[in-house]
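Here is the structure we will look at, set down as C-alpha cells.
The structure presented is a predicted model; accordingly, all values stated were derived computationally and were not measured. Naming convention: chains lettered A, B, ... in sequence-line order (proteins, then strands); numbering from 1 in each chain.
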2 protein chains.
Amino acid sequence: MSKHAKEMGILKEHLGKHQLKFTRQRELILDAFLKQEHITAEEMYHQLARRDPHLGLATIYRTLNLFCEAGLAQARHFGTQTQYDNVSHKGHHDHLICTGCGKIVEFENCDIERLQEEVATQNGFTITTHRLELYGLCSRCRH
Amino acid sequence: MSKHAKEMGILKEHLGKHQLKFTRQRELILDAFLKQEHITAEEMYHQLARRDPHLGLATIYRTLNLFCEAGLAQARHFGTQTQYDNVSHKGHHDHLICTGCGKIVEFENCDIERLQEEVATQNGFTITTHRLELYGLCSRCRH
DNA sequence: ATTCTTTTTGATATAGCTTATCAATTTCAA
DNA sequence: TTGAAATTGATAAGCTATATCAAAAAGAAT
C-alpha cells in the first residue's frame, strides 16, 4: 500500500467520475507533488526529468490543473508564476515581509484563521486555502 | 485645487526624491487611477484611449509600477493579470475568491486588522500595508 | 526665452509563463 | 484481442509584462 493511498484514491475517484484515465504519468506526478508543500510546474519538470526524461512540460501543467479540479491542489498566482499548493498539507503559514531589507518572518495565528472562517461563512464561502502577507519595516530598518 | 491634491503631492515628493520628472502622462494616469478602487493596465489603456489616443501601454505599466514605489498603489497578481489597487481608498479591503467561478467578494474586518498589528508588534515590525486573500468555493459552486 | 542635460515617452521587439494543437501512443471496457 | 476514447509529447501559439531605443519633453542654468 502506497504512502499516498488516500490522495491516490481521491484522484481515481475524480477520474472515474469524469471518464478520465489513470496513467503512469498522473501517478508519477501525484506522487512527486504530495511530497511538496507547494511547487511550480517548471520546478516539477526539472525534478522529474531524471525519473522520466521524456515527460513533457505540457503534461505537468495539465496534470497539476487536473489536481486542482480534483481538490488535491490549489493554484496560487505569485509573482509571474503559478504556485500549486498541496492542499493536504496542514499548518499553513503566513508572512511578515520587511520592505526595507527583504527579510521574511513566517508566522501562524489561530485567531486570525478563525476570523477568516467567520468572514467566509458570512459570505457563503468555504475556504480551502488563503494567503496573508503583512508588509512593513522590521525593527532594524525602522531606525 | 485639484480633487486629488494630496496624492498628487505624494507623487511629486517621490519624484523629487528620485530625480524623476512630473509629466503630463503621469498626471493624467494618476488622476484616472485615483477614481478606481483597482484596475489593470489593460483596462486603463482602454479607458484613457479617448482622452489621449497616443498614450502607450508601456507607459501605463511603467507609471502604475511607479505608483507602487511611491506607495500610492499596490500590485496584486490575480488570475493571469496584475491588479493595481488604489491604496488611498479607505478601509483597505480584502478578498474572498471563488476558485470555481472566479467570483470576488470584497470584505473588511477590523478584528483581523487588529490581530495583524499585534503579530507585527510581537515581531518588531510596523505594518504599512497588507494583503489577505481567502480562496475557496462560493455557495453556488459548492453544489 | 534659449540652451543643454537628463528623463520620459511611444512603438515595437522580446521575454516568460501557460495553453492549444495534433499525430502517435496508451488506456480500458467489451 | 480489439477498438473507441483519452492522453501524451513536442512544439506552436497566446498573453501579459518588460526591455530597447530613437525622438520628444522636462527642468535647471543661463
Side-chain angles (χ1 to χ4, degrees), chain A residues 8 11-30 32-33 38-70 73-85, chain B residues 8 11-30 32-33 38-70 73-85 99 102:
Chain A
M8 209 59 84
L11 175 61
K12 283 184 179 172
E13 191 182 327
H14 179 84
L15 295 175
K17 277 187 185 165
H18 295 79
Q19 291 165 286
L20 305 174
K21 293 173 177 176
F22 186 74
T23 66
R24 184 180 59 77
Q25 289 88 340
R26 284 173 178 167
E27 182 175 16
L28 179 67
I29 294 171
L30 180 57
F33 175 69
H38 48 74
I39 195 168
T40 65
E42 198 77 33
E43 282 166 5
M44 177 157 285
Y45 181 61
H46 289 115
Q47 267 193 30
L48 292 179
R50 282 181 308 163
R51 287 226 250 160
D52 183 350
H54 292 291
L55 188 59
L57 183 57
T59 299
I60 309 251
Y61 274 106
R62 277 188 295 237
T63 306
L64 289 172
N65 286 334
L66 172 71
F67 292 170
C68 289
E69 284 156 26
Q74 171 92 50
R76 190 164 46 89
H77 300 280
F78 187 75
T80 63
Q81 282 193 298
T82 300
Q83 287 281 345
Y84 291 87
D85 292 357
Chain B
M8 208 61 83
L11 175 61
K12 283 184 179 171
E13 191 182 327
H14 179 85
L15 295 175
K17 275 186 186 166
H18 296 80
Q19 290 164 284
L20 304 175
K21 294 174 179 177
F22 185 73
T23 66
R24 183 180 60 77
Q25 288 88 341
R26 285 173 177 168
E27 183 175 16
L28 179 66
I29 294 172
L30 179 56
F33 176 69
H38 48 74
I39 195 167
T40 65
E42 198 77 33
E43 282 166 5
M44 177 158 283
Y45 182 62
H46 289 115
Q47 265 192 31
L48 292 179
R50 282 181 309 165
R51 287 171 85 185
D52 183 348
H54 291 291
L55 187 60
L57 183 58
T59 300
I60 309 253
Y61 274 106
R62 277 188 294 239
T63 306
L64 288 173
N65 286 332
L66 172 69
F67 292 169
C68 289
E69 284 157 25
Q74 175 160 357
R76 186 166 44 89
H77 300 281
F78 182 73
T80 62
Q81 284 191 296
T82 300
Q83 288 279 346
Y84 290 88
D85 293 357
T99 54

key: Under 4.0 angstrom between Arg26(A) side-chain N/O and dT7(D) OP1 or OP2   =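 Yes, Arg26(A) has a side-chain N/O under 4.0 Å of OP1/OP2 on dT7(D).
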task: May I ask you to evaluate whether Gln25(A) reaches the phosphate of dG9(D), defined as a side-chain N or O under 4.0 Å from OP1 or OP2?
output: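 Gln25(A) to dG9(D) OP1/OP2: side-chain N or O found under 4.0 Å.
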Kindly give the heavy-atom pair with the smallest separation between [X] and [Y], and that separation in Å.
X        : Y        : result
Gln25(A) : Leu55(A) : CG-CD1, 3.5 Å
Leu64(B) : Ala41(B) : CD1-CA, 3.9 Å
His38(A) : Asp85(A) : CB-OD1, 3.2 Å

Non-hydrogen side-chain atoms of [X] and [Y] separated by less than 4.5 Å:
X        : Y        : result
Leu28(A) : Arg51(A) : yes
Ile60(A) : Glu42(A) : no
Tyr84(A) : Glu43(A) : no
Arg62(B) : Asn65(B) : no
Ile29(B) : Phe67(B) : yes
Thr63(A) : Thr23(A) : no

Figure out the [atom1]/[atom2] separation between [X] and [N], and round it to whole Å.
X        : N       : atom1 : atom2 : result
Glu43(A) : dC17(C) : CD    : P     : 11 Å
Leu30(B) : dT8(C)  : CG    : C1'   : 17 Å
Arg24(B) : dT9(C)  : CZ    : C1'   : 10 Å
Leu28(A) : dT26(C) : CG    : P     : 16 Å
His54(B) : dA25(D) : NE2   : C1'   : 16 Å
Leu11(B) : dT7(C)  : CG    : C1'   : 15 Å
Glu27(A) : dT27(C) : CD    : P     : 11 Å
Arg76(B) : dT16(D) : CZ    : P     : 16 Å

Using a cutoff of under 3.5 Å, can you pull out all pairs of nitrogen or oxygen atoms linking the protein to nucleotides 18-20 of chain C, with atom names and distances?
from: dT18(C); atom 1: OP1; to: Thr82(A); atom 2: N; distance (Å): 2.7
from: dT18(C); atom 1: OP1; to: Thr82(A); atom 2: OG1; distance (Å): 2.5
from: dT18(C); atom 1: OP2; to: Tyr61(A); atom 2: OH; distance (Å): 2.2
from: dT18(C); atom 1: O5'; to: Tyr61(A); atom 2: OH; distance (Å): 3.3
from: dT19(C); atom 1: OP2; to: Asn65(A); atom 2: ND2; distance (Å): 3.0

Might you list the N or O atoms of the protein lying below 3.5 Å from N or O atoms in nucleotides 27-29 of chain D, with each pair's distance?
from: dG27(D); atom 1: OP1; to: Phe22(B); atom 2: N; distance (Å): 3.0
from: dG27(D); atom 1: OP1; to: Phe22(B); atom 2: O; distance (Å): 3.4

